[in-house]
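What follows is a single structure, written as structure tokens, with notes after it.
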Amino acid sequence: CYVNEHEALNYVAGYCLHNDYSEREFQLERNGQWVKGKSCMIFEVPYLVSYISQFMTLLPGDVISTGTPSGVGLGFVPPVYLKRGDVVELGIENLGQQRQVAV
């Protein structure tokens, strides 16, 4: 069912923090991205809901992860990867914070 961009927020139940790690060795040995949706998330939520609804039926409980902020380690020269003991922190004002330690 296509969701009009102007009505898309009526289908959003809420927001949460989601730290989506990529397993780069697995990804790179298969010549890049393996999930179409991980590559184009630089748009506002209403646009994403509407766009995704063109290709799949969105159901209650579905999660749309909006993508990677600037600073992804693979983009550095040379690339920078997480290692044991690294601390990753993220947060959104009025929503909360997360902190993970790489093991």
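All values below were derived from every heavy atom in this structure, side-chain atoms included, with hydrogens, water molecules and symmetry-related copies excluded.
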Aromatic ring pairing Phe43/Tyr47, orientation class (parallel under 30°, perpendicular over 60°, tilted between): tilted

Candidates Gln98, Arg99, Gln100 - the one meeting side-chain hydrogen bond (donor to acceptor under 3.5 Å, both in side chains) with Asn19: Gln100

Passing option when Leu82 is tested against Val88, Val87, Val101 for side-chain contact (heavy atoms from CB on, under 4.5 Å): Val88

Working for side chain to side chain contact (heavy atoms under 4.5 Å, CB included), residues Leu9 and Val45: CA-CA 8 Å; Leu9 290 182; Val45 171; 4.0 Å; yes

Donor-acceptor contact present, side-chain Gln97 to main-chain Ile92, <3.5 Å: no

Common cluster, Leu90/Leu95, ILVMFWY with side-chain heavy-atom separation under 4.5 Å: yes

Could you give the distance from [atom1] ([X]) to [atom2] ([Y]), rounded to the nearest 0.5 Å?
| X | Y | atom1 | atom2 | value |
| --- | --- | --- | --- | --- |
| Tyr2 | Phe55 | OH | CZ | 10.5 Å |
| Asp62 | Thr57 | CG | OG1 | 9.5 Å |
| Tyr15 | Ile64 | OH | CD1 | 10.0 Å |

Minimum heavy-atom distance between Leu58 and Val49, given as atom pair plus value: CD1-O, 3.7 Å

Minimum-distance pair of heavy atoms, taken over all atoms of His18 and Ser65: CD2-OG, 3.0 Å

Partner residues of Glu7 under the side-chain contact (heavy atoms from CB on, under 4.5 Å) criterion, sequence neighbours left out: Asn4, Asn10

Residues Tyr11, Ser53; criterion side-chain hydrogen bond (donor to acceptor under 3.5 Å, both in side chains); working and verdict: CA-CA 11 Å; Tyr11 294 84; Ser53 76; over 6 Å; no

